[in-house]
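A short worksheet on the structure shown next.
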Amino acid sequence: MHVVIINGSPRTKKFSNTDKIIQSFAKGLQSEGSTCEVYSLSNRSEWEAAWEAFMTHDKIIIALPLYVECAPSLLLEFLSTLPTERRKPATLSFILQSGFAEGCQLRCGEAFLKSLPAQLGCTFGGCLLRGNNFSIRIAKEGERNKILKPYADMGRSFAQKGNFLSPEAARFVGLETFPLVLRKFIMLSYKVVGHRKFCRAATEWGCTRPLDDRPY
Ligand SMILES: Cc1cc2nc3c(=O)[nH]c(=O)nc-3n(C[C@H](O)[C@H](O)[C@H](O)COP(=O)(O)O)c2cc1C
């Protein structure tokens with residue numbers, strides 16, 4: 001199987017967590033005898049080749065980070081240049097990854113991505129979701145490998161099944177929400193430590209109003 005993978009992050013390849021995820025996923029794909037070609041939309045000079053690859057191949061994955069609960073606008077801009085009809089049928093799948101760990105915050109993005117393939121003349125091949133990826137690009141090698149290895153496993157699974165519609169792909173998201181006790185603890189630590197730190201930073205940057213100000 002040959003797979004076209006498009007990185008929809010606006011971060012340049014060197015700094016993109018999505019790129020590291022794609023590299024790990026590709027290793028898994030290749031270990032099962034599949035091949036892939038990868039395009040990064042952060043590099044405008046790759047757009048034409050990505051467009052061509054999207055239109056002429058039948059297995060396509062768009063990998064993207066969650067940015068403010070949404071798909072990055074750079075990716076939306078690229079998608080808006082694609083025709084809604086195609087001569088060659090294709091399956092369009094997604095890898096949606098994020099910084100925060102809870103699966104529930106990826107669900108809105110997932111619903112949006114589900115609606116895309118039909119608009120682009122493709123069949124939906126599922127959505128691989130996972131958070132907790134903030135630190136990939138800054139983590140030490142051991143820690144980074146620990147985060148990335150599951151993506152290699154999913155690359156192997158994709159090479160066998162050709163989509164993310166399997167039960168293991170559905171489980172990949174992990175915890176939907178943290179347990180209540182942990183959520184309470186996080187909220188309390190934010191109130192006690194986090195909020196104070198944000199206020200101090202805001203004051204240093206010249207902010208004179210409280211951060212929770214509601215002037216209107
Ligand atoms: C502008 C911006 C907005 C973000 N918004 C969210 C968000 O709403 N939820 C979340 O979990 N992570 C959010 N993140 C974290 C990214 O999804 C995460 O760091 C991701 O791994 C970045 O991938 P990239 O380096 O390929 O762009 C945001 C990051 C940035 C820079």
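Values reported hereafter were calculated over all heavy atoms of this structure, with side chains retained and with hydrogens, waters and symmetry mates removed. This is a predicted model, so every value here is computed, not measured. Atoms within a ligand are numbered from 1 in the order they appear, just like the ligands themselves.
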Are any of the N/O atoms on [X], whether in the backbone or the side chain, positioned under 3.5 angstrom from an N/O atom of ligand 1?
X: Asn7; answer: no
X: Phe134; answer: no
X: Pro10; answer: no

Can you see which heavy atom on [X] is nearest to which on [Y], and at what distance?
X: Ser42; Y: Pro10; result: CB-O, 3.4 Å
X: Leu211; Y: Ala202; result: CD2-CB, 3.8 Å
X: Glu69; Y: Gln105; result: OE1-O, 3.1 Å

If you have a sec, work out which protein heavy atom is nearest [atom] and how many Å separate them, to one decimal?
atom: atom 11 (O) of ligand 1; answer: Phe100 N, 2.8 Å
atom: atom 30 (C) of ligand 1; answer: Tyr67 CE1, 3.8 Å
atom: atom 8 (O) of ligand 1; answer: Glu69 N, 2.8 Å
atom: atom 12 (N) of ligand 1; answer: Gly99 N, 3.1 Å

Quiz item: Are any non-hydrogen side-chain atoms of Met1 and Glu32 less than 4.5 angstrom apart?
Solution: no

Quick one: does ligand 1 sit under 4.0 Å from the side chain of [X], the backbone, both or neither, non-hydrogen atoms only?
X: Gln105; value: side chain
X: Ser9; value: side chain
X: Arg11; value: side chain

Exercise. State plainly whether the residues Glu141 and Arg144 are in salt-bridge range, i.e. N to O under 4.0 Å.
Key: no

Quiz item: Are the aromatic rings of Phe172 and Tyr151 close, with centres under 6.0 Å apart?
Solution: yes

Considering [options] one by one, which has a heavy atom nearer to [atom] than any of the others?
atom: atom 23 (O) of ligand 1; options: Gln97, Lys13, Arg137; value: Gln97
atom: atom 7 (C) of ligand 1; options: Ile21, Asn133, Thr18, Val68; value: Val68
atom: atom 17 (O) of ligand 1; options: Leu66, Leu96, Leu74, Leu64; value: Leu66

Quiz item: Sub-3.5 Å donor-acceptor pair from the side chain of Ser98 to the main-chain atoms of Phe100, do we have one?
Solution: yes

Quiz item: Would a distance-only check, ignoring hydrogens and angles, find a side-chain to backbone donor-acceptor pair under 3.5 Å from Lys20 to Lys14?
Solution: yes

Quiz item: Counting each atom of ligand 1 from 1 as listed, which ones have a heavy atom of Phe15 under 4.0 Å away?
Solution: 25 (O)

Exercise. Hey, could you give me the NZ/CD distance between Lys161 and Glu168, rounded to the nearest 0.5 Å?
Key: 3.5 Å

